[in-house]
Amino acid sequence: MPESDPMSAHPATPNGCQGTPRSFGNALPVLNEIRHALEKLVTTGEETRIDLSALPFGPGDLDRLTDWLGTGEVEATVDALGPTRVQETAIPGVWLVDYHNSEQQRLTLHIEVAPVPEILRPQPQDLADALNQLDARLEQETGTTPLSS
Amino acid sequence: MATPTRPDKTLGESLQDHGLSRRGFLKLCAATASMMALPASMVPRIAAALEQAKRPSVIWLSFQECTGCTESLTRSHAPTLENLILDMVSLDYHHTLQAASGEAAEAARLTAMEANAGEYLVIVDGSIPGPDANPGFSTVAGHSNYDILMETVEHAAAVIAVGTCAAFGGLPQAKPNPTGAMSVMDLVKDKPVINVSGCPPVPMVITGVLAHYLTFGRLPELDGYGRPMAFFGQSIHDRCYRRPFYDKGLFAERFDDRGAKEGWCLYRLGCKGPTTYNACATMKWNSGTSWPIESGHPCLGCSEPSFWDAGGFYEPVSVPLTANPGTTLLTAGAVGAVVGGTAASVAKHRVKKANADRQPVTVEALEKTL
Amino acid sequence: MSQAMDFLLWTKGPMFTIAMVIFAVGLLARLVEIFVLGRATNYAEPRANEWLPGFRTVLTRTVADPGTFERAPFNVVVGWVWHIGFLMALLLFIPHIELIKGVLGISWPGLANPVIDFFTAVTLLSLVATLVHRMAHPVKRHISTVEDYLVWTIVFLVVLTGYLAYHRLVSPYPLALGMHILCAEIFLIMLPFTKLTHIFTAFIARWYNGAAFGRKGVQS
Amino acid sequence: MSAQESTLSLERGLAAFRAEIDAPTAAFFSSCVHCGICAQSCPFYLETGDPKYTPILKLEPLRRVWEAEFTLWGRIKRLLGLEQKVTDAMLAEWEELLYDSCSMCGRCSLVCPVGNDLAYMIRKTREGMVQSGHAPEGLINASIRAVTTGSPMGLQWKTLAVQIKHVEASTGLEVPIDKTGVDYMVLLSSMEIINFPEYLEAITKIFDHAGVTWTLSTECFEATNAGIQIGNKDIAAQLVERVVAAAEKLKVPNVISPECGHAFTAIRWEGPNLIGRRYPFRVFHIVEVLETLRAAGRLKTEGKETDRLSMHDPCNLARKSGVIQQQRNLMDLVADDFVDLKEHGRYQWCCGAGGGVSSNERAEPLKMAAFKRKKAQIEEVEPARMVTMCATCRTQLEEGLEEFNMDIPVVGLTEMIADHLVEKDATAEEEPQA
């Protein structure tokens, strides 16, 4: 990953003087929470978001959690109000959504347990607008109004 | 710091006008939820509420303070977001930040108060020399802090006391409190007062409270000290990543011992985490980099009342405040010994007297009882 | 509720000083009152020196003789359990060690919190058992005075508030801690004026007992 | 001294309580936590089940005086009118608790977890009871007789003289009387003289056998001390003075206390303090003397008792004077099948008759109730006979066992030793030096 590792716990923190960060044991409960969420997604289709920046992690805890979750196939960046990096973990359906501002500072970090993170999906109002937009473009290209059926 | 406006557009409209996409708005809501310490599941509700929210007018009053609170706010770790939030409000008076000065500045305050009577928010940082104190201790434009506060608050919707000085009196109020410093809630009784304590408060907490007011149009749930539960509902100790070490009984005893290096609990080094309610453990400081305990220093308890007078920063919570307790104990013991000695001497004398005056039991005396 | 921190600081500050002064004055007065009375010279030819047997009894009386254990096992076991639990919590809980270090300047190693927690829970249960026993056993019921119940209450409250504070079951925490400290202060204040004095005088009593018997050639 | 002054009164009683309070008493009362364990060591409570017999409660009069006059807190309470007063009515009620239901066996002193020496305080409390006129009639009469006749049973030298004649006739040995410069002056108890004359015969034989020089004194033969039992130092001191005077007159280096528990306590431990000086002689219980002789090889015995024997340790001898192993060594000398009671030695159980209970006719039912503890102990071991070394205990055991129809004879240890002495013959004419 690039120098500004989006999944790193403390992008702004230089390595502590003690070297390797220790685990403070606060990551494991989150893993359990993710498991519950995944179970819910599988059985009822209900999606879950976990705000990792609201958890009392010690140095190293977040790294350990992301290490555990691993890296999956999908990686995406949403460019709106600064970059938002979406990374699928090695567990399908579990996503890391890392919200940054335009100055590369993290706003918040979520785990989303969903088929696709919400921020990747077009918003319903945007979809409604999309049709109009496309029609407008077609009209521009062909000069005719497309048949609506 | 534009001229005071009475914003009529909703926030959603105004953001769209700024060219913010829906995804951008969604991101804003996620960040806002995080800032308000609300669960991520609240994001859709926040989005709906924010879409309808209106920009309030805000008047920021600085009294006996060090500007640390303002520094904290302007160093907030999400400046873009910060700007957005500040854009969401209309900060009509803040004598440190505003461009206008002198009479123009004061005029801005009065204008805002008049234009938004009953609806504006007052943010206060710094403590106030009370009504009985010498008003000259702290003045702005020739008016005492007390007068300004009372005048400004009169038609406010609510007051947010930012920082421990405004919330609880803070440093100015520490013994012997030479300026007769009082907190906002000591003085303002007829308006809702939200305390955002801390020396300084976590910047995200300041904006979080604003965001809450903005989002939901009402004050958040408060604790016994008038602090938003979302940020002050749990103690540092309860949210501390070093808590497992406390539970296991693993403590640093010096700043350079093994425990300190291993990141063990700092209780014995004077950590006030157990008695301190704040959001440092999750919100952290300096762009989420770290916070005092993570950098190896015990919590000072800065968000609690009387924290300057609550014992040495490096004395554990359980240590009493009595100065020279050993001497007190010895002196009291000595007094006790003297008191006991005197009392016992009297008693001993009675024993001796009883022995000296004792009449032997005779056969005759015994016979009389039969 | 909004005064929790002020309350805590009051218990840690002025109230602590008051309690400590009353405790020290009272206890020393009490001890001096005992020692000044002295003992009459004993002219009877001793079988043994009294010092060693005296100190031996100070220790041995901690353990009941087998017969007594057989006749009053509940009394003996529960008494032991709660005393040990109380002492462990009092002397080996890290915050208490810090308190003692802060006041007396001496300290020693403590025990891990979960161990103390366990002993505190056991102490609470056994204290309840002692109360039930006091109210149910004919002898104890007969000889019990208001003072006995008062002392039980304060001892129980000290342990209970400590347990609540540790588990942060009372909110806000400063209130919980303040209540615990206040109870401990009431305990300290009551100590010199109630049977709690036995914490100190029992050792004197045992010594006198052991010395009197030891001089006659019996290890009591 | 006017007649008014010589009358026992509450005021004198309170003064006596006051005079008895010393550092140990204050430490003891300060330490009591009302745990009730003392009751578990008291035969009077255990066998009646009445909680009023809890030992610490028997000391309430003394405790009240201590609290009101010897503690700061008590004085404050007194000023506030919260003092618990000691009244005549209270003392009258406590008379039964302090005399009838306490044999001063001292077992409670040995089990109290905080170390209270309750028997020590019972002794002190009785001082106040006597001074306030609340002692039992039986003990008052015994005390008067002891002072006026020299014996609590009113026994006189002429009765003993008859006994001596019998002994001399049956043994062919001389019973030395008023001899100076001998090793031992022997004291007797009236109860022995009347109930157990075998004792005098036994020691006559043993001392002759071992070559011990000894004497009786016509001026004082009585070892028992009613003053100790009733709890009055004036009477106790008078009685001790007689012993001391007789011993000093005969210039004996040693005085032997007979098979009697309280007599030993009186003369061995309390005597010097009652007269306020050290004795010019030493005091031994007969069992101690016999054990010394045995250890020195001066007791030659033959044959052993073959039936199952057990032993009752008198409280005053064992728990309160430390004579425990001696009697067991002597038993081994003459008994094949000796078995100890389960709780013995310093943890033995009282027969129920000590501390003046046996002289207090009113206490008869309580005395018998308390004996049930001993009875249970004996039943556990099922001995053919019981051995003891105290006339009061022996009488109580005999009466008690008879009361419960248990056919277990009780014998004195000294007699049993005497029965097994090797008959003196010509070869034993070595040098009988002391």
Side-chain angles (χ1 to χ4, degrees), chain B residues 168 185 223-226 232-235 237-238 246-251 253 265 267-268 270 274-277 301 304-307 309-312 315-326 328-345 347-348 351 355, chain C residues 1-6 8-38 40 93-105 110-117 165 168 171-175 177-178 181 192:
Chain B
F168 305 128
M185 66 178 172
D223 73 358
Y225 281 115
F232 296 92
Q234 279 176 308
S235 71
H237 188 64
D238 289 335
Y246 174 86
D247 293 336
K248 281 184 227 152
L250 295 172
F251 297 92
E253 294 184 43
C265 177
Y267 184 95
R268 305 185 85 162
T275 53
T276 305
Y277 290 77
E304 294 305 310
S306 313
F307 89 99
D309 295 324
E315 297 283 5
V317 169
S318 60
V319 172
L321 308 180
T322 312
N324 302 320
T328 312
L329 204 59
L330 280 179
T331 314
V335 170
V338 171
V339 170
T342 313
S345 304
K348 176 91 177 163
V351 171
N355 268 315
Chain C
M1 175 81 170
S2 72
Q3 303 300 316
M5 186 48 93
D6 296 325
L8 173 64
L9 295 182
W10 176 73
T11 61
K12 281 175 65 173
M15 189 57 201
F16 181 80
T17 309
I18 291 168
M20 203 169 60
V21 167
I22 294 179
F23 163 74
V25 170
L27 182 68
L28 258 293
R30 195 76 192 263
L31 294 179
V32 170
E33 273 182 328
I34 291 172
F35 287 122
V36 166
L37 285 170
F93 183 48
I94 300 285
H96 295 165
I97 292 176
E98 287 296 339
L99 164 70
I100 292 164
K101 193 163 103 187
V103 174
L104 302 176
L111 278 178
N113 291 350
V115 181
I116 298 293
D117 182 39
R168 307 178 78 87
S171 200
Y173 180 73
L175 178 68
L177 183 59
I181 295 176

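Per chain, numbering begins at 1; letters A, B, ... match sequence-line order.
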Checklist outcome for this item: Note: L99(C) and P320(B) closest approach over all heavy atoms is CD1-CD, 3.0 Å
Next on the checklist: Ignoring hydrogens, what is the shortest heavy-atom contact between T322(B) and T17(C)? Give both atom names and the distance.
Outcome noted: OG1-OG1, 2.8 Å
Checklist entry - Relative to chain B, which of R168(C), E33(C), M20(C) shows the most heavy atom pairs under 4.5 Å? => result R168(C)
Checklist outcome for this item: Scored by heavy-atom pairs under 4.5 Å with chain C, the best of P316(B), P274(B), G326(B), A343(B) is P274(B)
Item to check | Shortest non-hydrogen contact from P305(B) toward M5(C) | outcome: O-CG, 3.5 Å
Next on the checklist: Let me confirm one number: the NZ-CD distance from K12(C) to E315(B), rounded to the nearest 0.5 Å.
Outcome noted: 9.0 Å
Checklist outcome for this item: When rounded to the nearest 0.5 Å, the distance separating CD of E98(C) from CD of E253(B) is 7.0 Å
Next on the checklist: Heavy-atom pairs under 4.5 Å with chain B - which of G110(C), A29(C), G102(C), A165(C) has more of them than the others?
Outcome noted: A29(C)
Checklist entry - Considering all heavy atoms of both residues, which atom of Y267(B) and which atom of P95(C) are nearest to each other, and what is their separation? => result OH-CB, 3.1 Å
Checklist entry - Based on non-hydrogen pairs under 4.5 Å, which of A332(B), A344(B), A347(B) is most in contact with chain C? => result A332(B)
Item to check | Side-chain heavy atoms of Y246(B) within contact of N113(C), under 4.5 Å | outcome: yes
Checklist entry - What part of I97(C) is in contact with chain B, defined as an atom under 4.5 angstrom from a non-hydrogen atom: side chain, backbone, both or neither? => result side chain
Next on the checklist: Between Y277(B) and chain C, with a heavy-atom cut-off of 4.5 Å, which part of the residue counts as in contact: side chain, backbone, both or neither?
Outcome noted: side chain
Checklist outcome for this item: With chain B, the option among I94(C), V115(C), L37(C), I181(C) that has the most non-hydrogen atom pairs under 4.5 Å is I94(C)
Checklist outcome for this item: Of L250(B), D238(B), V351(B), the largest count of non-hydrogen pairs under 4.5 angstrom with chain C goes to D238(B)
Checklist entry - With only heavy atoms counted, which part of F93(C) is less than 4.5 Å from chain B, the side chain, the backbone, both or neither? => result side chain
Next on the checklist: Could you check whether any side-chain heavy atom of L329(B) comes within less than 4.5 Å of a side-chain heavy atom of L104(C), counting everything from C-beta outward?
Outcome noted: yes
Item to check | Atom pair CD1/OG1 of I18(C) and T328(B) - distance to nearest 0.5 Å | outcome: 12.0 Å
Checklist entry - For chain C, which of G249(B), A310(B), S318(B), G341(B) has the most heavy-atom pairs under 4.5 Å? => result S318(B)
Checklist entry - Side chain, backbone, both or neither: which part of F251(B) has a non-hydrogen atom closer than 4.5 Å to chain C? => result side chain
Checklist entry - Is chain C contacted by the side chain of V317(B), its backbone, both, or neither, given a heavy-atom distance below 4.5 Å? => result both
Item to check | pair Y173(C)-H237(B): side-chain heavy atoms closer than 4.5 Å | outcome: no
Next on the checklist: Heavy-atom pairs under 4.5 Å with chain C - which of G226(B), S345(B), A337(B), S235(B) has more of them than the others?
Outcome noted: A337(B)
